[in-house]
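Below is one structure, written out as structure tokens, with a few remarks after it.
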Amino acid sequence: MSYRNFPMVSKVVFGRGSFSQLGDIIESKRLNINAPFIFLVDDVFKGNAWLTSRVPLAYNDKLYYVSAAEEPKTTGIDALVEEIILRYKERPSGIIGIGGGSILDTAKAVAIMLTNKGESKDYQGWDLVNNPATYHVGVPTISGTGAEVSRTTILTGPERKLGINSDYTPFDQVILDPELTKDVPKDQWFYTGMDCFVHCVESLNGTFLNAFSKSYGEKAYELCKEIFLSDNLSKEESEDKLMMASWHGGMSIAYSQVGVAHALSYGLSFLLGIKHGLGNCIVINHLEEFYPEGVKLFKQMREKHNIEIPQGVCENLSDSEFDVMIDVALSLEPLWLNAIGKNWRKMITRERLKELYQKM
Ligand code: NAD
Ligand code: ZN
């Protein structure tokens with residue numbers, strides 16, 4: 001038995017207002033004045049001087065606003081990398097992603113593709129990256145995905161939705177400033193927050209569970225219960241805690257795996273473009289048989305916050321469309337192995353998955 005040797009984020013800052021330290025933090029990483037820092041900023045912050053005036057631009061540094069309307073695609077990553085390579089004489093000093101999971105994943109993927117040949121779709125999978133990435137920094141502005149701490153960057157490619165999982169993927173630096181999440185709309189707060197909750201449910205109920213994952217998963221699960229079910233927290237406390245829950249949830253799955261909800265949610269996302277957090281909510285609603293306690297709590301949280309979860313998203317799909325989703329879900333073998341165990345193929349048939357999708 002060989003145990004995984006897991007890379008982690010090298011440096012991390014936590015604190016309300018810590019975003020203002022970004023300039024000081026990256027200064028020593030500037031290679032020379034022609035090697036810019038590239039800031040990839042969620043376009044929801046366009047015209048928001050509170051945030052953008054603190055982006056420390058100098059020399060040839062450049063800020064690109066990136067839309068999070070759709071999850072990152074390999075084609076979008078390749079286009080951004082080409083634009084950066086053609087525009088500058090020198091390769092960048094660093095890539096700084098400021099936004100939600102979509103933007104953090106974009107920053108990680110761009111940093112990898114600046115130092116690795118070919119197209120990003122060639123690296124979707126496990127341990128296919130050869131060269132260390134460009135220095136990259138993650139600044140989350142919404143909490144839940146764990147993308148700030150994970151070893152993957154999830155991309156939709158021509159054939160599949162799959163991460164670039166590698167030792168070079170994690171950020172070199174993360175800035176956790178919960179204040180940046182203050183204007184997240186309530187529905188989105190819930191959907192992305194539930195991504196964290198679902199990570200914990202899947203990790204804690206999986207066959208891969210071990211003391212490492214459990215210690216992080218239990219902490220994040222408790223934090224989620226407090227954030228989404230108690231009335232005792234101020235807005236600031238709740239923001240602080242959700243940012244740390246996201247981190248711990250990410251650490252929990254780092255050393256285990258996600259499960260049934262993510263497998264089915266990837267199918268919804270691939271066929272219908274439903275985003276990760278919302279997709280997990282649509283799916284988990286129907287998984288009592290797999291995660292009875294988690295689903296019960298999820299429903300309480302949804303009711304308490306009066307969040308609408310879309311119904312009937314699979315209503316008008318053809319058989320071949322169901323097949324596409326089922327193929328995507330079944331291809332995620334490690335998730336099923338974790339959720340069910342090595343005999344998963346006996347339990348998880350195409351018919352069973354179709355029945356589940358038909359309920360959504
Ligand atoms: P997101 O990045 O898709 O953003 C969701 C919405 O929130 C967007 O409209 C965005 O503009 C908005 N938003 C973000 N910050 C805001 C703020 N401070 N104020 C107002 N609006 C704000 O959301 P997400 O749920 O964080 O990320 C989902 C993505 O993360 C998916 O692409 C998914 O595949 C990926 N993901 C990655 C990992 C990983 O380990 N790499 C894990 C889970 C999910
Ligand atoms: Zn997730």
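All of these numbers come straight from a predicted model, not from anything done at the bench. Start at 1 and go down the list; that is how both ligands and their atoms are numbered.
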**Prompt:** Under a 4.0 Å heavy-atom limit, does Tyr191 contact ligand 1 with its side chain, its backbone, both, or neither?
**Reply:** neither
**For atom 2 (O) of ligand 1, the protein heavy atom that lies nearest, with its residue and separation** = Ser102 N, 3.0 Å
**Prompt:** For atom 9 (O) of ligand 1, is the nearest protein heavy atom under 4.0 Å away?
**Reply:** no
**Item:** Ring centre gap for Tyr266 and Phe270 strictly below 6.0 Å
**Value:** no
**Asked** In this structure, are over 12 heavy atoms from other groups packed under 6.0 Å from Lys225 atom NZ?
**Response** yes
**Asked** Which atom, among the N/O/S set of Asp195, is closest to the Zn ion (ligand 2)?
**Response** OD1
**Message:** Quick test: of every protein heavy atom, which one is nearest to atom 25 (O) of ligand 1, and how far off is it to 0.1 Å?
**Reply:** Thr192 OG1, 2.7 Å
**Item:** Exceeds 12 heavy-atom contacts within 6.0 angstrom, atom CD of Glu82
**Value:** no
**Any donor-acceptor N/O pair, Glu148 side chain to Gly138 backbone, under 3.5 Å** = no
**Minimum side-chain heavy-atom gap Tyr216-Trp247 below 4.5 Å** = no
**Message:** Can you report which non-hydrogen protein atom sits closest to atom 15 (N) of ligand 1, along with the distance?
**Reply:** Thr141 OG1, 2.8 Å
**Distance-only N or O hit between ligand 1 and His199, under 3.5 Å** = no
**Request:** Please find the N/O/S atom of His276 nearest to the Zn ion (ligand 2) and write down its name.
**Result:** NE2
**Message:** Hydrophobic cluster membership, with links at side-chain heavy-atom distances under 4.5 Å among I/L/V/M/F/W/Y: are Leu104 and Tyr64 in one?
**Reply:** no
**Asked** Between His305 (side chain) and Phe228 (backbone), is there a donor-acceptor pair under 3.5 Å?
**Response** yes
**Item:** Within one Ile-Leu-Val-Met-Phe-Trp-Tyr cluster: Val174 and Ile164, side-chain cutoff 4.5 Å
**Value:** no
**Fill in**
Checking heavy atoms under 4.0 Å, the part of Val44 that sits near ligand 1 is side chain
**Asked** Just by modelled atom types, is the Gly17 backbone N or O under 3.5 Å from a matching donor or acceptor in the Asp177 side chain?
**Response** yes
**Complete:** Contact region, Lys182 to ligand 1, non-hydrogen atoms below 4.0 Å, reads neither
**Request:** Taking the side chain as every heavy atom from C-beta outward, state whether Leu271 and Phe322 have any pair of such atoms under 4.5 Å apart.
**Result:** no
**Asked** To which protein heavy atom is atom 38 (C) of ligand 1 closest, and what is the distance rounded to 0.1 Å?
**Response** Ile154 CD1, 3.6 Å
**Fill in**
Ranked by distance from atom 26 (O) of ligand 1, the top protein heavy atom is Gly101 N, 2.8 Å
**Message:** Less than 3.5 Å apart, any donor N or O on the side chain of Ser252 or Lys219 sitting next to an acceptor on the other?
**Reply:** no
**Qualifying residue, where the test is ring-ring contact (aromatic ring centres under 6.0 Å, His included) with Phe197 and the options are Phe190, Tyr291, Tyr221, Phe298** = Tyr221
**Request:** Classify the contact between Leu180 and ligand 1 as side chain, backbone, both or neither, using a heavy-atom distance cut-off of under 4.0 Å.
**Result:** backbone
**Item:** Distance from atom 42 (C) of ligand 1 to nearest protein heavy atom, with residue and atom
**Value:** Thr145 O, 3.3 Å
**Message:** Does only the side chain of Pro72 get under 4.0 Å from ligand 1, or the backbone, or both, or neither? Count heavy atoms.
**Reply:** side chain
**Asked** Side chain, backbone, both or neither: which part of Asp42 comes within less than 4.0 Å of ligand 1 when only heavy atoms are counted?
**Response** side chain
**Item:** Within-shell test, Pro185 vs ligand 1, heavy atom, strictly < 4.0 Å
**Value:** yes
**Item:** atom 7 (O) of ligand 1: the protein heavy-atom neighbour that sits closest, reported with distance to 0.1 Å
**Value:** Gln188 CG, 3.4 Å
**Prompt:** Tell me, which protein residue and heavy-atom name are nearest atom 35 (C) of ligand 1, and how many Å apart are they?
**Reply:** Asp105 OD2, 3.6 Å
